[in-house]
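Lettering of chains follows the sequences in order, A, B, ..., and the numbering in each one begins at 1.
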Number of protein chains: 4
Amino acid sequence: MSTLSPAVLQTLEGQAIELPSWAFGNSGTRFKVFTTPGTPRDPYEKIADAAEVNRATALAPSVALHIPWDKVDSYDDLRKHAEDLGVALGTINSNTFQDDDYKFGALTHEDAAIRRKAIDHHLDCIDIMDATGSRDLKIWLAEGSNYPGQADLRGRQDRLHESLSTIYARLTGEQRLVLEYKFFEPAFYHTDVPDWGTSYAQVAALGDRAMVCLDTGHHAPGTNIEFIVMQLLRLGKLGSFDFNSRFYADDDLIVGAADPFQLFRILFEVIRGGGLNNPDVAFMLDQCHNVEKKIPGQIRSVLNVQEMTARALIVDHDALRAAQVSGDVLAANAVLMDAFYTDIRPALAAWREDRGLPADPMAAYAASGYQEKIETDRVGGVQAGWGA
Amino acid sequence: MSTLSPAVLQTLEGQAIELPSWAFGNSGTRFKVFTTPGTPRDPYEKIADAAEVNRATALAPSVALHIPWDKVDSYDDLRKHAEDLGVALGTINSNTFQDDDYKFGALTHEDAAIRRKAIDHHLDCIDIMDATGSRDLKIWLAEGSNYPGQADLRGRQDRLHESLSTIYARLTGEQRLVLEYKFFEPAFYHTDVPDWGTSYAQVAALGDRAMVCLDTGHHAPGTNIEFIVMQLLRLGKLGSFDFNSRFYADDDLIVGAADPFQLFRILFEVIRGGGLNNPDVAFMLDQCHNVEKKIPGQIRSVLNVQEMTARALIVDHDALRAAQVSGDVLAANAVLMDAFYTDIRPALAAWREDRGLPADPMAAYAASGYQEKIETDRVGGVQAGWGA
Amino acid sequence: MSTLSPAVLQTLEGQAIELPSWAFGNSGTRFKVFTTPGTPRDPYEKIADAAEVNRATALAPSVALHIPWDKVDSYDDLRKHAEDLGVALGTINSNTFQDDDYKFGALTHEDAAIRRKAIDHHLDCIDIMDATGSRDLKIWLAEGSNYPGQADLRGRQDRLHESLSTIYARLTGEQRLVLEYKFFEPAFYHTDVPDWGTSYAQVAALGDRAMVCLDTGHHAPGTNIEFIVMQLLRLGKLGSFDFNSRFYADDDLIVGAADPFQLFRILFEVIRGGGLNNPDVAFMLDQCHNVEKKIPGQIRSVLNVQEMTARALIVDHDALRAAQVSGDVLAANAVLMDAFYTDIRPALAAWREDRGLPADPMAAYAASGYQEKIETDRVGGVQAGWGA
Amino acid sequence: MSTLSPAVLQTLEGQAIELPSWAFGNSGTRFKVFTTPGTPRDPYEKIADAAEVNRATALAPSVALHIPWDKVDSYDDLRKHAEDLGVALGTINSNTFQDDDYKFGALTHEDAAIRRKAIDHHLDCIDIMDATGSRDLKIWLAEGSNYPGQADLRGRQDRLHESLSTIYARLTGEQRLVLEYKFFEPAFYHTDVPDWGTSYAQVAALGDRAMVCLDTGHHAPGTNIEFIVMQLLRLGKLGSFDFNSRFYADDDLIVGAADPFQLFRILFEVIRGGGLNNPDVAFMLDQCHNVEKKIPGQIRSVLNVQEMTARALIVDHDALRAAQVSGDVLAANAVLMDAFYTDIRPALAAWREDRGLPADPMAAYAASGYQEKIETDRVGGVQAGWGA
């Protein structure tokens with residue numbers, strides 16, 4: 001008998017995890033970015049790689065773009081390219097941290113002209129969304145300061161509100177603005193959106209189509225992330241996840257790699273709060289494959305989310321509630337642990353095969369010859385990276 | 001020439017810091033509570049000790065009470081006792097963590113009867129506020145869980161809202177509900193109000209007279225606390241401070257002892273945001289004098305706040321703004337550091353003498369004979385403590 | 001086919017985890033210690049409870065004592081009591097943190113008379129070891145300071161060496177001194193043995209029979225504990241483990257509860273370094289069951305260690321080495337994760353039954369009637385606790 | 001009357017702080033490296049800039065080099081260039097983290113050929129030391145792994161010992177090997193020398209001329225760094241400081257900027273342990289001026305060390321000892337705080353002028369025209385940076 005019921009499998013069939021185009025380019029630390037053979041040279045090749053992840057898993061039907069890294073002449077053409085490969089273009093990510101003008105801020109800058117430039121960049125991103133059919137504009141603000149006194153924290157917060165309001169006003173139809181928060185880095189004293197509370201306060205002041213993005217690596221040590229998941233779902237403001245994992249800071253490791261039990265608890269709260277397969281709550285990856293292979297790294301990542309979702313779905317909620325209500329701490333905990341420790345991988349493998357997918361997507365990709373092909377073909381040109 | 005202008009001194013004259021009655025009783029860790037000679041045996045003696053702090057400093061005109069630790073037969077009588085000693089009764093602190101019924105929660109408990117009991121305790125506290133003339137009901141929720149699965153995080157949050165609504169509805173006139181948040185302890189997996197965002201979301205749902213209390217020791221490692229001060233002031237929801245300091249967890253050390261520069265930055269943001277000598281923003285201490293003498297510990301604490309406020313008040317705001325606007329990082333930082341490193345202590349000592357206060361309150365207390373007197377007089381009875 | 005080979009099962013049969021007598025008494029936080037029905041009133045009852053854990057699991061053949069909490073008139077009698085119940089008396093833990101004399105230190109105190117008193121306490125502990133046949137004297141030093149300047153860090157370190165040398169000189173035969181380190185608490189500025197490096201430097205200066213105790217909850221946030229395990233095994237100085245788990249500080253939760261994957265990695269390094277079933281490396285629990293039942297809490301704990309050891313034992317070391325040598329990051333990580341995600345619980349249950357043990361020790365204990373019996377019988381007297 | 005006695009001033013006159021050549025080049029985060037006008041294009045220009053710092057302060061008589069960033073055709077010529085500008089060449093820093101071969105390690109690599117390459121690089125560095133007259137070879141190992149299982153922690157530690165032994169054997173005369181430790185980054189799961197204990201164990205196994213380098217930014221959150229300073233001085237193994245400051249991770253901010261009181265406590269322990277103006281304990285900076293001007297950033301940094309040393313030198317040790325011995329916590333802490341809060345800046349300014357130095361080195365540099373000159377002259381070429 002399978003460890004996964006038909007109902008659970010049906011739920012899993014609806015799961016979709018967006019891939020970040022930049023995960024296929026090179027990334028690294030301030031000390032070194034190692035290059036790798038086969039790395040894409042342009043957005044078209046990134047999308048081709050993302051499509052391989054989807055081919056192996058049927059879990060990754062869309063790709064997030066980062067502007068300007070993924071700027072192309074025709075987004076219509078890029079969209080068709082993606083559709084031909086079976087994937088869609090997803091969230092548009094803005095970038096206001098790599099222009100020299102933004103050294104001291106962008107949407108929060110003291111200088112109105114620089115703020116205007118940063119706002120205009122976001123309006124351009126919305127133009128791209130119109131062309132790609134993307135729903136979400138995701139804003140990660142790398143803004144902040146390195147030394148006490150360097151910046152007027154309050155003035156920046158007020159200017160941030162003004163800038164976001166202008167951007168928000170440009171959205172149409174189903175389009176949304178999703179505001180990411182991050183504890184620190186690249187700024188080392190203050191960050192303008194450092195925590196969920198600030199992101200929540202800012203998006204609540206904008207309107208219903210402004211939401212919070214929770215990146216699982218962007219919290220202080222020890223933070224109970226699943227509590228924040230619960231709270232944002234409760235407040236109706238959890239717009240999306242950036243999944244990854246960490247031991248120390250924003251390590252951007254493969255989701256589930258550092259603390260699998262934490263990922264389980266997060267997904268348990270997602271389910272508890274109605275966030276699974278809920279279009280309001282986008283699942284995305286945001287990771288750096290600094291030392292491991294990138295396409296297999298992304299396959300491993302979406303599988304980790306799928307497998308952990310399966311474990312979270314088999315929690316016996318009746319037994320859990322009974323134990324919670326009766327104050328039986330050990331029994332309640334045991335219900336969770338029993339689901340976590342159940343090996344759902346064989347059932348998932350069998351189910352994949354039933355659906356015409358490879359039982360072992362990692363092995364299938366390795367056997368596909370795709371990696372060898374791109375390593376051979378992608379010679380010359382400039383490998384994609386963060387442009388840092 | 002004094003380092004402190006008449007305007008600064010006038011501002012400092014308006015400063016008031018509320019003392020916690022429990023700081024005069026014994027406190028410690030789970031491993032040991034050391035007793036000390038002269039420790040008060042009842043609320044009357046605690047208030048007498050608090051009055052000594054005010055006598056030496058003119059900085060501490062009120063005393064916060066903790067119920068039931070400070071229960072007395074007649075609050076009218078207690079208030080007169082305080083007034084006779086030159087101080088007022090201040091914030092009323094509730095306690096829903098020491099009754100056996102609250103093992104698994106109080107305002108959030110699964111059992112409606114236990115929630116009702118906890119709500120009723122708060123209504124009793126408001127009755128006491130009516131008698132003492134206190135404005136603020138401060139709620140620190142020690143509630144949470146130790147193991148994943150033990151509690152339904154979401155259900156508890158909803159029940160918390162219900163319970164707080166009932167309590168809030170009982171407030172009259174100028175009375176306020178102030179909700180404290182704390183990162184962890186005594187619960188070790190989840191805490192029901194772990195961060196400012198949760199406290200803010202809960203009090204915002206109650207109304208204008210519900211505010212957030214910021215305890216400086218209740219954050220994750222590395223948290224930029226002054227940013228939260230700025231944000232809560234901006235949102236109009238900073239109701240009060242619980243001042244103390246920490247190196248690790250909620251160490252409850254003397255305010256300013258662990259990281260004086262952090263205290264400076266906090267007070268700088270208080271001033272920047274209009275929170276100084278603003279009746280909406282109560283200054284309080286919440287500390288444990290586990291190994292040091294208690295009355296001198298409190299004198300040292302209010303002096304630390306006063307001295308650091310003085311440093312924060314002499315920041316050259318024009319120079320700071322000029323440096324910020326021009327992007328001169330080092331100059332902006334230097335403006336702050338110049339104020340921080342200025343030795344305002346001689347000017348404060350002279351000013352105290354001008355006002356008929358001791359130039360050196362610590363020495364004055366030591367010379368007063370009060371300590372010897374209480375060590376001699378307070379023999380027998382049960383020393384006040386936390387009742388843990 | 002079982003997931004566990006005969007060789008793995010044979011290894012597991014050799015596993016022994018010492019229980020702390022104090023886990024059966026009441027514990028809590030500085031805010032509240034909740035009492036529980038059936039709590040032991042004396043060392044005899046604690047040992048009886050510990051024996052139940054061993055009866056259900058065959059994993060816990062010895063009990064650590066804490067002096068003075070477990071002082072009895074005749075240790076010979078206590079030992080026979082234990083032996084009658086099928087368990088042995090194990091490590092002797094000293095206590096130099098609950099006497100008023102130790103407010104400012106014990107083995108490090110400025111006052112030679114107080115140091116002598118603390119040393120004598122340890123010599124008394126060794127006398128007890130002679131009587132109980134215990135091998136290890138475990139020293140956890142709660143010493144430190146709360147404020148910069150309060151203590152002379154260097155002088156204390158030198159005095160610590162002197163005191164430990166005197167104690168070490170008293171050991172005979174196979175007896176060992178095991179020095180525990182702890183990041184912080186109960187001291188909040190400095191702790192005299194805060195990290196493995198300090199413990200290592202101190203015990204290395206004593207001799208071969210002085211070792212380090214690694215408590216899994218006593219590290220700074222983010223510390224890679226398995227690295228320390230590896231290093232201490234490499235240096236030949238890992239004397240024992242105090243197992244527990246934590247989300248924040250020294251939470252003393254059930255081992256494996258907070259981060260099961262961390263426990264897996266620790267046990268993997270134990271095996272890698274030859275520390276499993278190695279008499280030089282004692283496995284012990286050191287936990288607080290503040291809100292959960294105590295005996296089942298201990299059963300759950302030893303099972304967690306056993307189950308995670310089983311997972312760590314099935315790592316495919318050949319595949320791991322091949323992947324490591326070839327620089328295949330994802331393959332190497334997958335070998336570890338495959339072992340971690342394998343559900344070894346059914347195989348363990350079957351194996352337990354083969355050995356005449358209950359397949360489900362938690363259920364067996366619940367069905368045994370023991371809990372009801374002690375709740376009925378243990379009325380009156382003073383429940384054991386930490387004496388804080 | 002000056003706040004600084006002649007004896008204190010004489011001690012300060014002996015203070016020397018080595019500057020890192022790379023602080024004058026561009027640095028940044030993985031997200032962006034901002035360039036700045038006037039940035040040096042080669043080691044000669046870096047040394048010229050460093051000499052300006054020394055000209056303004058008389059505090060920075062030597063410059064550390066980083067190989068290969070500072071490779072030149074003739075180190076003899078470079079040394080003469082430095083001497084002409086009044087400074088010496090100091091510590092040689094190796095780099096084994098930017099060659100593609102080192103993706104999975106250098107001195108610890110599985111492949112003996114790569115280890116040999118990394119060893120040879122260090123031997124080359126020692127050749128350079130012979131030419132420059134440098135005493136110290138400083139080794140920061142960026143080695144580690146990102147995922148559990150990726151690396152064999154124990155094997156790497158053993159290989160590290162072998163590699164270091166080979167390098168150590170090549171040292172002659174007064175030359176030393178100084179091994180830096182770092183908590184994390186660029187590796188995100190394990191780092192081969194993550195803490196002082198590991199560095200200590202490794203250098204102790206080498207010999208007397210192997211020492212530990214303490215970088216103030218390389219610790220876990222909450223670590224009591226001055227305790228480690230005390231311990232390493234006590235063990236005779238503190239070889240050098242890399243000074244900087246941090247709020248979060250390895251932020252590499254200006255020393256003293258984030259937590260001035262921590263710097264005070266560190267310098268207090270340096271003095272307590274005999275490490276001030278002790279040739280065995282080198283003072284160096286290791287910072288990144290990502291957003292602030294670099295030469296003034298370095299001037300500010302050495303002044304911060306000087307000023308804080310002055311504050312630490314005026315601690316009243318007799319009063320401190322008396323308070324410590326008597327257990328007067330508040331008095332002992334007050335002695336430290338009194339020194340910390342004393343404004344020694346006017347006395348230092350007067351003393352500088354007495355010595356023919358600018359009273360305000362920051363202002364003197366700004367007025368010197370040097371910055372304008374290099375911004376005008378240094379056009380074209382490639383600005384120096386980390387080469388990441």
Side-chain angles (χ1 to χ4, degrees), chain C residues 103-104 110-111 145-155 157-158 183-184 189-191 194-201 204 219-224 226-228 230-231 233-235 261 264-265 268-269 272-273 315 320-321 323-337, chain D residues 103-104 110-111 145-155 157-158 183-184 189-191 194-201 204 219-224 226-228 230-231 233-235 261 264-265 268-269 272-273 315 320-321 323-337:
Chain C
K103 187 172 183 176
F104 298 120
E110 292 276 356
D111 183 337
S145 63
N146 278 6
Y147 292 96
Q150 175 187 335
D152 177 25
L153 307 192
R154 169 64 177 273
Q157 202 66 207
D158 293 339
F183 187 48
F184 81 98
Y189 164 57
H190 106 275
T191 294
D195 52 22
W196 79 264
T198 295
S199 181
Y200 171 69
H219 302 86
T223 300
N224 184 326
E226 59 268 29
F227 184 93
I228 300 174
M230 175 280 293
Q231 189 68 274
L233 283 168
R234 178 177 175 267
L235 296 167
F261 185 47
F264 174 83
R265 300 191 311 263
F268 174 79
E269 290 300 331
R272 168 67 181 90
V315 169
L320 182 65
R321 278 305 291 153
Q324 287 172 346
V325 169
S326 69
D328 190 337
V329 177
L330 290 168
N333 180 246
V335 172
L336 241 62
M337 300 317 293
Chain D
K103 187 172 183 175
F104 299 119
E110 292 276 356
D111 183 338
S145 62
N146 278 7
Y147 292 95
Q150 175 186 335
D152 177 26
L153 306 191
R154 168 66 176 272
Q157 202 67 205
D158 294 338
F183 187 48
F184 80 99
Y189 163 58
H190 106 274
T191 294
D195 52 23
W196 79 264
T198 295
S199 181
Y200 171 69
H219 302 85
T223 300
N224 184 325
E226 58 269 27
F227 184 92
I228 299 174
M230 174 279 292
Q231 189 68 275
L233 284 168
R234 177 177 175 268
L235 296 167
F261 184 47
F264 173 82
R265 301 192 310 264
F268 174 79
E269 290 299 331
R272 167 67 180 90
V315 168
L320 183 64
R321 278 304 292 152
Q324 287 172 346
V325 169
S326 68
D328 190 337
V329 177
L330 291 168
N333 181 244
V335 173
L336 240 63
M337 300 317 293

Ring geometry between C:Tyr200 and D:Tyr200 (parallel below 30°, tilted from 30 to 60°, perpendicular above 60°):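 Correct class here is perpendicular.
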Heavy-atom pair count under 4.5 Å with chain D, highest-scoring of C:Glu110, C:Lys103, C:Gln157: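 Between C:Glu110, C:Lys103, C:Gln157, the count favours C:Gln157.
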Winner by heavy-atom pair count (cut-off under 4.5 Å) against chain D, out of C:His190, C:Arg272, C:His219, C:Arg265: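 Most heavy-atom pairs under 4.5 Å with chain D: C:Arg272.
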Side chain D:Gln150, main chain C:Asn333, donor-acceptor under 3.5 Å: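 The answer is no, because no donor-acceptor pair under 3.5 Å joins these two groups.
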D:Asp152 (side chain) donor-acceptor with C:Arg321 (main chain) under 3.5 angstrom: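 Not a single qualifying donor-acceptor pair exists.
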Which region of [X], side chain (C-beta onward) or backbone (N, CA, C, O), has a non-hydrogen atom less than 4.5 Å from a non-hydrogen atom of chain C, or is it both or neither?
| X | answer |
| --- | --- |
| D:Asp111 | neither |
| D:Leu153 | both |
| D:Arg234 | both |

For [X], is it the side chain, the backbone, both, or neither that has a heavy atom closer than 4.5 Å to a heavy atom of chain D?
| X | answer |
| --- | --- |
| C:Phe268 | neither |
| C:Ser145 | neither |
| C:Ala151 | backbone |
| C:Gln231 | side chain |

Which atom of D:Pro221 lies closest to which atom of C:Ala220, heavy atoms considered: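 Scanning both residues completely, I find the closest heavy atoms to be O-CB, 3.9 Å.
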Nearest atoms (heavy-atom pairs only) where C:Gly149 meets D:Leu320: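 Smallest heavy-atom distance, with atoms named: O-CD1, 3.6 Å.
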Pair C:Phe184-D:Asn224, side-chain contact (heavy atoms from CB on, under 4.5 Å): steps then yes or no: CA-CA 10 Å; C:Phe184 81 98; D:Asn224 184 325; over 6 Å; no
Side chain proximity check, C:Phe264 to D:Pro148, heavy atoms < 4.5 angstrom: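 Not in contact.
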Close side-chain approach of C:Met337 to D:Tyr147, heavy-atom, < 4.5 Å: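 A side-chain contact under 4.5 Å is absent here.
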Test: D:Arg154 and C:Glu226 ion pair at under 4.0 Å: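 Between C:Glu226 and D:Arg154 there is no salt bridge, as every charged N stays at least 4.0 Å from the carboxylate O atoms.
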Worked verdict on C:Trp196 versus D:Thr198 for side-chain contact (heavy atoms from CB on, under 4.5 Å): CA-CA 10 Å; C:Trp196 79 264; D:Thr198 295; 3.6 Å; yes
Chain C interface, residue from D:Leu330, D:Thr191, D:Asp195 that has the most non-hydrogen pairs under 4.5 Å: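 Among D:Leu330, D:Thr191, D:Asp195, the one with the most close pairs to chain C is D:Asp195.
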